[in-house]
Amino acid sequence: MAVKTTIQEVGKYQDKEVTLSGWIYNKTNKGKLLFLMLRDGTGLIQAVMFRPEIGEELFDEFTALPQESAVQVTGKIVEDKRAKGGYEMQAKSVEVVHVAEEYPITPKEHGIEFLMDHRHLWLRSSKQHAIIRIRHQIIQSCRQFFDQNGFTLVDAPIFTPAACEGTTTLFETDYFDSKAYLTQSGQLYMEAAAMAFGKVYCFGPTFRAEKSKTRRHLTEFWMIEPEVAFCDLDQDMDLAEDMVAFVVQSVLENRHNELETLERDISKLEAIKKPFPRIKYDQAVELIKESNPDFLYGDDFGAPDETIISEHYDRPVMVTHYPAEVKAFYMKKDPNEPHKALCVDMLAPEGYGEIIGGGQREDDLNILLQKIKEHQLPKEAFRWYLDLRRYGSVPHAGFGLGIERTVSWLCGIHHVREAIPFPRTLLRLYP
RNA sequence: UCCGGUGUAGCUCAAUCGGCAGAGCGGGUGGCUGUUAACCACUAGGUUGUAGGUUCAAGUCCUACCACCGGAGCCA
């Protein structure tokens, strides 16, 4: 009896008989020959069926099968230069598992609305499949990086009691007799966790009810957020740089086929080596003013401004020391430049924008109290957070890495909605 | 929220000055032993986003609405 295997393993079974289970990705026939492109989730392989070998009845049945019908095929794996992937199967016996209905996504072009309405099926097509596998690789290598560097996973809650940062619109939901808000960031909880464990990170979904309608925004997106006790801004940047370089390397090493499927320019990713350039806000403004003279000093950067900055470099650039007013209340001010925050944004190359935002946190109780007052935030909701500055407050820092923006950058895709399996945007809650 | 654009067959799109509603893919039927988005022949398939209006005549012009796309803002 033939051994069951998967398409990515067929190289181990050259000239041997195996059984593959999967779905018909595409097929074409030529009289007595039928070419099945078989998909099993691990790859694609062509199975060649010859009418006299298979038998009239089964051959006709297979010839009539619609795209995405489920089948099981047994045959010999042979090396063949004509086949994509280098191998093909000479089918000997075949079995239909399920005859699909007429499949809506054909090998031709489709519009984005149609594809997004069929996202549950679109994930089967090779490009989307490659993107999600690279997403998996990115997440896996982030976790590996933290494991290797002494971090403890401490996940943050999704339901939160109040508008945490006060800078963004949150989703509100009923929580029994009161209201709860979906988290916009795990950071404040990570600060508590860092005081308990030293080096921590969380990985989970975050939610923003902003009516943003751009290629860089989702209402539900995933962030990896490390936080480290006894850490200053420079050490925080070292960490961010180490992690991003590690992740890029890991994707290059393990997902070469997927990058190829996406026609990603690999040389752009191979250039991502430490050290990353580090510039201050003031220097970034000078770069922007070369191309956009209307930029007002003191403003936060818009998407086109970020692109201008990133175009000066072949690797991610870290911009620090933004004006304190444009940053969140918990950012520590630079003692040497009191109007600047000890913060860092990492801008990806090729115009992919901000993938990391972070910095050193304010650790002085009185300054924090003052800031909460200035930002008119509900002091009661921050009682626990302020406790962290009462019981052994230490310099600490961290950052958040947006998974979808990182996936988009590494995959070279145009829109973050393809970087998450089931995107949630301003205008989409289905499927 | 603002600016711009698009709604025509299951899908992607055409339709000139307002004058017979069309193609490719997908579906169906037949043919082919090396196809890669196969090819060849035949075939079925339409409330032109919705509601009004102008006109002998509207896919095409006008008004309103709806949906989506792109960008900005907001934001990460």
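In this text, all values refer to a predicted model and were calculated from it rather than measured experimentally. A, B, ... follow the sequence lines: proteins, then strands. Residue 1 opens every chain.
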Chemist: Specify the residues of residues 405-412 of chain A, ordered by number, for which at least one heavy atom lies under 4.0 angstrom from an atom of RNA chain B.
Modeler: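 Residues of residues 405-412 of chain A under 4.0 Å from RNA chain B: A:Arg405.
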Chemist: Which residue pairs pass the salt bridge (charged side-chain N to carboxylate O under 4.0 Å, His left out) test with at least one member in residues 20-42 of chain A, sequence neighbours excluded?
Modeler: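 Pairs touching residues 20-42 of chain A that pass the test: A:Arg39-A:Glu68.
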Chemist: Just jot down the side-chain contact (heavy atoms from CB on, under 4.5 Å) partners of A:Glu260, sequence neighbours excluded, or say none.
Modeler: A:His256
Chemist: Under the side-chain hydrogen bond (donor to acceptor under 3.5 Å, both in side chains) test, which residues partner A:Glu220, sequence neighbours left out?
Modeler: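 A:Glu220: no side-chain hydrogen bond (donor to acceptor under 3.5 Å, both in side chains) contacts found.
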Chemist: Please tell me if the side chains of A:Asp305 and A:Ser291 come closer than 4.5 Å, counting only heavy atoms from C-beta onward.
Modeler: no
Chemist: In whole angstrom, what separates A:Leu218's CG from B:C74's C1'?
Modeler: 15 Å
Chemist: How would you list, by chain and number, every residue that makes a side-chain contact (heavy atoms from CB on, under 4.5 Å) with A:Lys199, sequence neighbours excluded?
Modeler: A:Phe151, A:Val228
Chemist: Do A:Thr206 and A:Gln184 have a side chain donor and acceptor closer than 3.5 Å?
Modeler: no
Chemist: Restricting to salt bridge (Lys or Arg N to Asp or Glu O under 4.0 Å), what partner residues turn up for A:Lys371, sequence neighbours left out?
Modeler: none
Chemist: Kindly point out which of B:U36, B:G34, B:A38 is positioned nearest to the side chain of A:Glu88?
Modeler: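 The answer is B:G34.
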Chemist: Check whether any side-chain N or O of A:Tyr103 sits under 3.5 Å from a backbone N or O of A:Leu121 as a donor-acceptor pair, and report yes or no.
Modeler: yes
Chemist: In terms of heavy-atom contacts, does CZ of A:Phe171 have more than 12 from other residues, nucleotides or ligands at under 6.0 Å?
Modeler: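 Buried by this count: over 12 neighbours within 6.0 Å.
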Chemist: Is the aromatic ring of A:Phe221 within stacking range of B:A76, meaning centres under 5.5 angstrom and planes under 30 degrees?
Modeler: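 The ring of A:Phe221 is stacked on B:A76.
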Chemist: Which one, B:A76, B:U36, B:C74, comes nearest to the side chain of A:Met37?
Modeler: B:U36
Chemist: Any idea which of B:U36, B:A38, B:G73 is nearest the A:Asn26 side chain?
Modeler: B:A38
Chemist: Report the stems of RNA chain B as range-with-range entries sorted by first number; a stem here is at least three consecutive pairs, Watson-Crick or G-U wobble, both distances under 3.5 Å, and write none if there are none.
Modeler: B:1-7 with B:66-72, B:10-13 with B:22-25, B:27-31 with B:39-43, B:49-53 with B:61-65
Chemist: If you look only at pairs with a residue in residues 341-356 of chain A, which of them pass as a side-chain hydrogen bond (donor to acceptor under 3.5 Å, both in side chains), with sequence neighbours excluded?
Modeler: A:Arg264-A:Glu350, A:Tyr322-A:Asp345, A:Lys327-A:Asp345
Chemist: So if I take every side-chain heavy atom of A:Glu113 and compare against B:C74, B:C32, B:C68, which nucleotide ends up nearest?
Modeler: B:C68
Chemist: Distances for protein N/O vs nucleotides 3-11 of chain B N/O pairs under 3.5 angstrom?
Modeler:
| from | atom 1 | to | atom 2 | distance (Å) |
| --- | --- | --- | --- | --- |
| B:C11 | O2' | A:Glu109 | O | 3.2 |
| B:C11 | O2' | A:His110 | ND1 | 2.5 |

Chemist: Any side-chain hydrogen bond (donor to acceptor under 3.5 Å, both in side chains) involving residues 273-283 of chain A? Give me the pairs, sequence neighbours left out, ordered by first then second residue.
Modeler: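 Of all non-adjacent pairs touching residues 273-283 of chain A, those that pass side-chain hydrogen bond (donor to acceptor under 3.5 Å, both in side chains) are A:Asp238-A:Arg278, A:Asp242-A:Lys274, A:Lys280-A:Glu337, A:Asp282-A:Tyr297, A:Asp282-A:Lys340.
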Chemist: Starting at atom CZ of A:Arg51, determine the distance to atom P of B:G34, rounded to an integer number of angstrom.
Modeler: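 Rounded to the whole Å, the gap is 15 Å.
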Chemist: Is the shortest side-chain heavy-atom distance between A:Val344 and A:Leu233 below 4.5 Å?
Modeler: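 They are in side-chain contact.
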Chemist: From C-beta outward on A:Lys211, which listed nucleotide comes closest to its side chain: B:G70, B:G73, B:U35?
Modeler: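 Nearest nucleotide to the side chain: B:G73.
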Chemist: Which protein N or O atoms sit under 3.5 Å from an N or O of nucleotides 29-31 of chain B?
Modeler:
none

Chemist: Only counting residues at least two apart or in another chain, list the ones meeting side-chain hydrogen bond (donor to acceptor under 3.5 Å, both in side chains) with A:Tyr385.
Modeler: A:Glu191, A:Arg389
